[in-house]
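Labels below follow one simple rule: chain letters A, B, ... track the order of the sequence lines, proteins then strands, and each chain is numbered from 1.
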Amino acid sequence: MAERYPFDQFEAKWQKYWDENKTFKTLDGPSDKPKYYILDMFPYPSGAGLHVGHPEGYTATDIIARYKRMCGFNVLHPMGWDAFGLPAEQYAIETGTPPAIKTAENIATFKRQIQSLGFSYDWDREINTTDEAYYKWTQWIFLQLFKKGLAYEAEVAVNWCPALGTVLANEEVIDGKSERGGHPVIRKPMRQWMLKITAYADRLLSDLDDLDWSESIKDMQRNWIGKSEGAEVNFPVDGYDLSLKVFTTRPDTLFGATYMVVAPEHPYLDQITVTDQLSAVKAYGLKAERKSDLDRTELAKEKTGVFTGAYAINPVNQALIPIWVSDYVLMSYGTGAIMAVPAHDTRDYEFAKTFDLPIVEVVSGGDVSEAAFTTIEDGVMINSATSDGGFSIDGLKPSKAIDKMSDWLEATGKGKIATNYKLRDWLFSRQRYWGEPFPILKDGNDIIPLSDSDLPLTLPVLDRIKPSGTGESPLANAKEWLQVVDPASGKVYRRETNTMPQWAGSCWYYLRFIDPHNNDQAWDLEKEKYWMPVDLYIGGAEHAVLHLLYARFWHKVMYDLGYVSTKEPFQKLVNQGMILGMDGEKMSKSRGNVINPDDVVKQYGADSMRLYEMFMGPLERSKPWNTNGIEGVYRFLNKLWRHFINDKNQVIELTDAQPDTETLVMMHASIKKVGMDLDALAFNTAISQLMVFSNHLRSLEQVPRVALETLLILLNPFAPHIAEEMWHLLGNSNILAYSPWPKYDETLLEKTLLNLAIQINGKVRGQIEVEVDAAKEVILELAYAHSSIKQYTKGKTIVKEIVIPNRIVNIVVK
RNA sequence: GCCCGGGUGGCGGAAUUGGUAGACGCGCUAGGUUCAGGAUCUAGUAUAUUCACGUAUGUGCUGGUUCGAUUCCAGUCUCGGGCACCA
């Protein structure tokens with residue numbers, strides 16, 4: 001390791017200075033400065049503390065925040081804690097330590113670690129989702145959702161572990177057994193709160209278009225919402241006064257429907273199954289239920305099913321087709337029933353082959369004796385006309401036939417055009433203690449919301465958190481808390497024992513940062529108008545779908561209620577890539593490849609840590625940690641310090657003379673490149689330019705003060721401690737944090753002479769120096785005069801001369 | 001299976017609209033400094049071949065478009081992420 005420059009002497013000093021002087025306190029808007037709201041995904045403060053992945057995003061946002069301040073923006077850059085969640089509760093059950101205590105300890109560790117990196121957060125805006133003053137408003141938002149009819153109760157199956165007397169999260173269930181103890185886990189329906197996110201599916205989808213997010217994240221959200229357009233078709237059940245409704249994206253293939261399949265949970269199943277088949281169907285239903293419980297990762301997708309004995313009437317040709325039951329049809333998607341077109345659907349094809357059901361080709365172009373033909377781009381409809389010839393789609397392309405059949409369904413009332421979504425309503429309750437209590441009272445089945453004045457409904461302090469044994473949360477043990485007596489009527493109500501999931505607090509924290517201490521409102525509407533939307537949001541890709549979708553949903557509800565002024569909360573989103581271990585694998589305790597930021601800061605200092613996190617590669621890419629790499633950036637800072645600062649902490653002698661041309665050009669080129677790279681979040685190449693500039697300055701006999709000062713200004717967002725320290729050693733009394741970002745002079749960067757490569761048949765064979773915008777004739781004359789070009793053209797026929805001004809010359813010879 | 005991203009020296013990675021591939025950093029080699037090691041400074045460093053000048057090859061692979069392709073197009077292999085019987 002290189003000899004240390006004294007970072008340990010001044011990094012803490014500057015952190016203390018910024019803290020004591022509240023250097024980064026954000027004044028409430030509106031102000032005359034343009035605003036910039038830059039947000040990190042706030043962390044869950046786990047017991048393990050920070051790992052090097054956390055500071056990657058935080059460093060990126062901090063650099064941008066510091067850069068934007070220097071550019072004259074009013075910057076909002078806050079940090080807080082998403083502190084409800086399972087681990088603290090599990091810890092409480094095991095050790096008896098109350099979750100609030102453990103959580104506070106974890107937060108203290110996280111905060112110390114984050115602060116040791118010199119991030120410029122406005123700590124006066126720190127929020128914690130577990131504070132009463134915060135979750136009061138989470139509860140308030142829930143009440144808004146409830147009043148709008150977007151929150152409802154439903155019976156939903158949970159992972160119930162009888163031995164532990166508790167409900168488990170999916171991640172606590174491994175191979176059908178509880179993670180702790182290995183006890184059996186069964187599915188048990190319980191009353192749960194649901195949020196009607198599906199009501200916003202269309203807007204959540206279409207509003208993605210205007211966001212400055214990566215296409216891949218938008219695609220993930222689009223896929224999750226899973227919009228598909230098609231038709232609903234009613235198939236009357238033969239002999240019954242009811243019809244099976246199906247959803248299909250391929251109404252064009254209706255003539256090819258040779259059977260139907262309903263999900264094992266379909267409500268009509270008991271009614272329509274013939275007596276002979278009843279026991280077989282019931283047995284199948286039980287098996288299907290168990291299968292999904294025990295081993296849902298079963299990869300062998302062998303088709304199974306049972307015939308119900310019933311028949312349906314195909315509405316387009318009156319054909320009688322058998323109705324089967326099979327678990328390849330899901331009750332939770334579409335209508336829980338399908339029309340099966342084996343010739344043109346892979347799954348139906350497999351099923352038909354397994355049970356020897358007829359396969360009728362209605363789109364020509366494939367070979368249905370071999371495989372299902374599923375494309376709608378090619379092929380022509382066949383066998384698709386009614387026997388009386390009254391209706392036909394024969395001869396059409398499938399895509400056209402879809403429209404014609406849909407119209408026919410609408411016209412005859414046998415079906416209608418329909419849209420379906422994969423997105424389901426959001427299961428919004430957990431059987432846990434450590435979460436926001438629902439502001440809800442129960443009177444039998446009646447639901448009574450608390451009034452706003454009763455908020456917050458605080459969590460009761462329990463001597464010991466333990467399972468209720470009934471599947472209800474540990475709150476069911478809090479007898480006093482549970483019972484509420486109405487003083488007027490004397491009537492006794494019971495509180496809701498479910499709590500909200502961890503997502504709740506993170507769904508709106510970006511709004512609370514705007515006005516974190518408001519006791520009368522969740523946030524002030526004027527302040528919201530000033531600060532929203534978030535201009536840049538950086539966080540891990542693991543939240544690409546759920547957190548972002550849920551937050552967008554709440555935001556739209558708040559928008560509809562007039563509490564926020566923007567349709568979308570996060571205008572620009574960037575997902576940082578993962579930092580892998582030295583071995584190129586995901587960092588994990590079991591692999592032993594975890595890097596602790598505390599060790600890095602101790603050994604190399606915060607500036608080197610920050611610089612290395614950004615120098616490793618593009619922010620959005622995954623990349624491996626390499627200790628040699630941090631040595632490199634450390635050496636860069638070390639050389640900078642030791643070249644300009646002597647043993648007595650004095651700056652070497654600088655010159656006040658104008659820099660020479662080369663230095664001046666490099667200085668302005670650096671201002672330009674670093675600024676442009678920062679705008680593009682290309683931190684690694686910006687740092688590279690700083691190194692180039694710094695290397696040049698160190699090579700000079702006489703270093704111009706203005707050049708060194710410019711370097712320090714440019715370096716400041718990246719390595720603020722060393723930049724501030726050297727800035728002050730240079731005799732400046734202002735602080736760099738708010739020094740204006742320098743402007744560059746474009747005219748200095750315009751070259752008068754440039755090197756032009758001469759190619760022969762596309763291969764570079766020589767270079768000439770010409771004036772910018774030199775005439776084609778001049779260039780060619782110089783080119784042919786070049787010795788090696790002469791050699792390559794000697795005795796050859798010149799076929800073509802390509803001269804691209806200021807770029808290249810290519811001479812094609814034969 | 002479907003939907004997204006990536007594949008460039010020994011390594012992390014650079015490369016405006018197609019226009020001199022390999023910036024910057026690591027590592028390595030040689031030399032200076034040092035009693036020595038470390039640290040540091042200087043020079044070199046894609047591969048093959050050559051004493052050298054040079055020449056040939058080279059951005060996963062195979063083709064294509066072009067005077068010219070890391071960049072555009074088609075196909076293919078591979079790694080990573082997401083979803084997964086979604087009708």
Short N-O contact, K776(A) and E801(A), less than 4.0 angstrom |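 Here K776(A) does not pair with E801(A) in a salt bridge, since their nearest N and O are not under 4.0 Å apart.
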In terms of side-chain geometry, is the basic nitrogen of E232(A) or K414(A) positioned less than 4.0 Å from the acidic oxygen of its partner?
->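 Answer for the salt bridge query: no.
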Parallel, tilted or perpendicular: rings of Y612(A) and W625(A) (30°, 60°) =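 Answer is perpendicular, since the angle exceeds 60°.
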Paired with [N]: which nucleotide, if any, by Watson-Crick or G-U wobble criteria at under 3.5 Å for both distances?
N	answer
A36(B)	none
C28(B)	G44(B)
C2(B)	G82(B)
A74(B)	U62(B)

Quick one: is Y349(A) getting a side-chain N or O under 4.0 Å of the A87(B) phosphate, OP1 or OP2?
->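 Looking at the OP1 and OP2 atoms of A87(B), neither is under 4.0 Å from any side-chain N or O of Y349(A).
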Is there a donor N/O on one and an acceptor N/O on the other, under 3.5 Å, for the side chain of K422(A) and the base of C83(B)?
->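 Between C83(B) and K422(A), which were checked side chain against base, a qualifying N/O pair under 3.5 Å is absent.
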Determine whether any donor atom in the side chain of N810(A) lies under 3.5 Å from an acceptor atom in the base of C67(B), or the reverse, and answer yes or no.
->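 Such a pair exists between side chain and base.
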What nucleic acid atoms does S622(A) come within less than 4.0 Å of, heavy atoms only: base, sugar-phosphate, or nothing?
->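 Answer is sugar-phosphate: S622(A) comes under 4.0 Å of backbone atoms only.
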Going by a 90° cut-off around 0, is G75(B) syn or anti?
->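 G75(B): anti.
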